[in-house]
Amino acid sequence: MADVVLKVEDIHKSYGKLEVLKGIFFELKRGETKVIAGPSGAGKSTLLRCINLLTKPDKGRVWLENVELTDPKVNINKLRARIGFVFQHFNLFMHLTAIENVMIGPIKVLKLPKEEARRRAEEALLRVHITEDLWNKYPAQLSGGQQQRVAIARALAMNPVIILYDEPTSALDPELVGEVLQVMKELATQKVTSLVVTHEIGFAISVADELMFMYGGKIIEKGPPREVVYNPKHEATKKFFANIARLYGKQGA
Amino acid sequence: MPVQASVIAYIPYMLDGLKMTFLLVGGGLGIGFLIGVPIAIGQVYGPKELKAALDAYVWFFRGTPLLVLLFLFYWGVFPALGLNLNAVLTSALVLGMRSGAYQSQIFRGAITSVPEGQYMAARSLGMGKWQAVLSIIVPQALRIAIPGWSNEYAIILKDSAICFVLGVMEMLNRTRYVMISTGEALLPFIFAGITYIFLTYGGVKVFDIIYERYKIPGLLVRG
Amino acid sequence: MYTEFWPDFLSRLPFGIMVTLEILSITIPVSIGYGILLGSARVYGNAFIRLLAAGLVVTFRGFPLVVTLFLLFYGLPEMGVKLSPFWTAVTAFILCSGAYQSEYVRGAIRSLEVGQIEAARSLGMTRLQELIHIVLPQAIPRALPGISNEIIYQIKYSSLAYIVGVNEIFGITTSINSIYFRPIETFLTAAAIYLVMTTAAHFGFKALEGHMSIPGLEIEIR
């Protein structure tokens with residue numbers, strides 16, 4: 001219990017009449033990687049956004065290392081700086097070069113001197129295998145896979161307690177998915193605490209400590225990834241993984 | 001002395017009025033920028049009451065003819081405020097206040113065309129609302145707005161001629177004086193008109209160069 | 001004097017409003033028609049017509065409206081053409097506004113899909129038939145936001161008729177101000193009248209745009 005990094009308790013969220021999240025509970029220990037899977041519309045992305053409060057949950061509490069984020073008195077910007085977020089569509093800052101994208105958080109938010117920020121940025125970029133020749137390119141001059149790796153570096157450079165990934169590969173062309181997954185796998189093995197929303201079952205099986213299956217706004221099944229994928233208990237889970245297997249073949253499994 | 005020759009002799013006198021024209025255009029665009037950018041930011045990100053006040057400002061200055069504004073401020077508002085401003089200063093300020101209303105709309109369009117994800121990503125790094133707006137949204141919007149400003153320059157250049165009604169000796173007013181002293185109208189006004197056309201294209205060219213200089217691959221552009 | 005100001009002002013203002021409306025009732029429809037003609041001519045005309053139309057657009061978009069007004073008012077008589085102040089203003093407004101509007105029409109024509117034109121030609125239509133029956137009915141709704149913007153400009157710039165001596169709203173306002181010297185009241189009243197007109201036009205055009213939009217053709221050109 002001592003080393004619980006993230007704790008989520010009874011999160012609810014509705015958009016008008018549509019109830020997207022109906023009470024979510026889970027926690028992550030330091031160094032763990034957990035994967036959330038589920039059909040689209042299950043509320044996965046909303047859940048991630050509720051964790052760093054990019055979306056405000058209607059009810060429920062979230063703790064980051066014993067500090068309650070959902071406490072209105074807390075400085076949410078300070079806490080968000082410690083939660084990395086990787087977006088489906090990368091959202092790299094279009095007016096900044098690759099390295100500037102990674103430097104801007106340390107400079108503006110952590111108030112680090114420029115040289116220090118640059119050192120951190122270079123280190124982060126090398127960690128995601130973005131080589132020096134790409135550092136001064138603008139996002140539009142990079143491939144989708146390169147952009148997403150820069151986005152991961154942007155999160156890493158903040159020295160986050162945890163990284164949240166929101167379907168990081170689903171906007172990529174199939175041939176670019178591998179390079180991003182490779183980086184994510186490496187980070188997971190280096191014990192970077194990660195919470196990943198993804199359909200990449202191969203990734204879940206090879207590195208995740210737990211697979212949580214979301215359906216209709218709830219986590220209806222969780223356990224070791226291999227277990228959940230191959231011996232699903234719930235009807236919806238069975239159907240989902242059967243479809244995935246049909247779509248992607250037995251790739252990664 | 002043939003009439004044409006006497007008009008040609010006045011050309012340097014007319015062109016000398018361009019200094020005043022540039023002063024009005026530069027002043028108007030500059031003041032308009034200083035007013036327009038904060039208005040746009042307030043309209044998009046400000047609280048409700050502020051938005052309503054800014055909307056009213058924009059509505060008033062966009063919906064009222066320049067001629068009315070010039071007279072209202074020169075004879076009415078500025079003296080009532082105890083400001084004793086000459087015609088040049090009044091003209092530049094009025095052009096600026098009005099351009100601010102137009103520029104705010106250009107800039108607002110630019111802000112809203114920056115994708116939502118840019119703001120979200122900035123907030124996810126822990127930036128506050130205003131930090132995200134100022135260091136991520138505004139620098140992109142400034143670039144996106146350049147073509148709009150180029151257009152605004154062309155408008156304000158032509159509108160600066162209206163300031164002759166307050167007696168400002170810009171190019172058009174000097175052209176009128178040439179007409180009065182030579183008795184020729186056609187030639188001086190055609191010459192003035194062509195000069196304005198050249199200035200329009202020249203200025204737009206300058207904005208194109210600025211745009212080329214600051215453009216970033218892939219950043220959304222509106223025409 | 002104090003008691004006379006408002007009755008005097010308010011009794012003369014309607015005359016000015018009538019003159020302004022009279023100007024606009026001519027310039028709005030004629031400038032729209034002229035703008036459509038000019039825009040079409042720049043795409044569909046032969047080489048000579050295209051050049052002529054381009055010349056008109058470059059000239060009257062490039063000249064400040066005040067220059068055009070003075071040119072017509074003081075310059076044309078040198079060529080033996082003398083227009084009254086009213087018709088000087090009307091002509092200048094049409095030349096200027098039409099030139100601006102033609103650019104929106106031209107842009108809208110250019111934005112149509114090639115397939116539309118190929119289909120018209122495959123039916124055996126002449127170029128003129130193609131323009132009138134296929135191209136313009138699609139291009140005009142697309143050009144409408146730009147055209148309506150120009151009309152709103154026209155309402156405001158109609159005040160410039162005053163500088164060639166037309167006694168429209170602004171002319172009346174300045175002459176009243178020169179008698180009573182009540183600049184804030186007079187010019188704010190003028191501003192209010194123009195604001196009513198521009199605001200009404202704004203909402204009128206918004207309604208019209210909704211009414212004229214064709215499903216699938218809603219793309220707004222900027």
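A note on names: the letters A, B, ... follow the listed sequences, proteins ahead of strands, and every chain is numbered from 1.
B:Arg143 forms no cation-pi arrangement with B:Tyr214, by the criterion of a distance under 6.0 Å to the ring centre and an angle within 45° of the ring axis.
Taking each heavy atom of B:Leu166 and B:Ala87 in turn, the nearest pair found is O-CB, 3.5 Å. In plain terms, the two heavy atoms of B:Gln43 and B:Arg108 that are nearest each other are OE1-CD, 3.4 Å.
Contact of C:Tyr157 with chain B is made through the side chain alone, with heavy-atom distances under 4.5 Å. Contacts of B:Leu66 with chain C are absent, with no heavy-atom separation under 4.5 Å from either backbone or side chain. Residue C:Leu76 touches chain B through its backbone alone, counting heavy-atom pairs closer than 4.5 Å. In this structure, chain B has no heavy atom under 4.5 Å from any part of C:Phe73. Residue contact with chain B, scored on non-hydrogen atoms closer than 4.5 Å, involves the backbone and the side chain of C:Leu188 alike. Residue contact with chain C, scored on non-hydrogen atoms closer than 4.5 Å, involves the side chain of B:Tyr201 exclusively. No part of C:Phe60 comes within reach of chain B, as not one of its non-hydrogen atoms sits under 4.5 angstrom from that chain. Proximity to chain C involves both the backbone and the side chain of B:Leu67, based on heavy atoms less than 4.5 angstrom apart. With a 4.5 angstrom heavy-atom cutoff, B:Phe164 touches chain C only via side-chain atoms.
At a threshold of 4.0 Å, the pair B:Lys51-B:Asp55 does not count as salt-bridged, since none of the basic side-chain nitrogens sits closer than that to a carboxylate oxygen. Salt-bridge check for B:Lys19 with B:Glu170: failed, with every basic side-chain N at 4.0 Å or more from each acidic carboxylate O.
Dense packing is recorded around OH of B:Tyr57, with more than 12 heavy atoms of other residues, nucleotides or ligands lying under 6.0 Å away. The local environment of OH in B:Tyr13 is crowded, with over 12 non-hydrogen atoms from other residues, nucleotides or ligands closer than 6.0 Å. Counting heavy atoms of neighbouring residues, nucleotides and ligands inside a 6.0 Å radius, atom CE of C:Met212 exceeds 12 of them.
For an aromatic pair to be called close, the ring centres must be under 6.0 Å apart, and B:Phe207 with B:Tyr211 fails this. Checked against a 6.0 Å centroid threshold, the rings of C:Phe170 and B:Phe71 count as neighbours.
Put simply, of B:Pro65, B:Ala185, B:Gly193, B:Gly76, the one with the most heavy-atom pairs under 4.5 Å next to chain C is B:Pro65. Per-residue heavy-atom pair counts under 4.5 Å with chain B were compared for C:Val58, C:Thr173, C:Thr59, and the maximum is reached by C:Val58. Counting heavy-atom pairs closer than 4.5 Å to chain C, the top residue among B:Thr195, B:Ile162, B:Thr200, B:Ile194 is B:Ile162. Note: B:Asp159 leads B:Asp159, B:Val165, B:Leu157 in heavy-atom pairs under 4.5 Å with chain C.
Partner of C:Ile147 under the side-chain contact (heavy atoms from CB on, under 4.5 Å) criterion, chosen from C:Glu209, C:Gln101, C:Arg142: C:Gln101.
One distance of note links CD of C:Glu168 with CG of C:Leu24; it measures 9.5 Å at 0.5 Å rounding.
Listed by sequence position, C:Thr198, C:Thr199 are the residues of residues 196-207 of chain C in contact with chain B, using a 4.5 angstrom heavy-atom cutoff.
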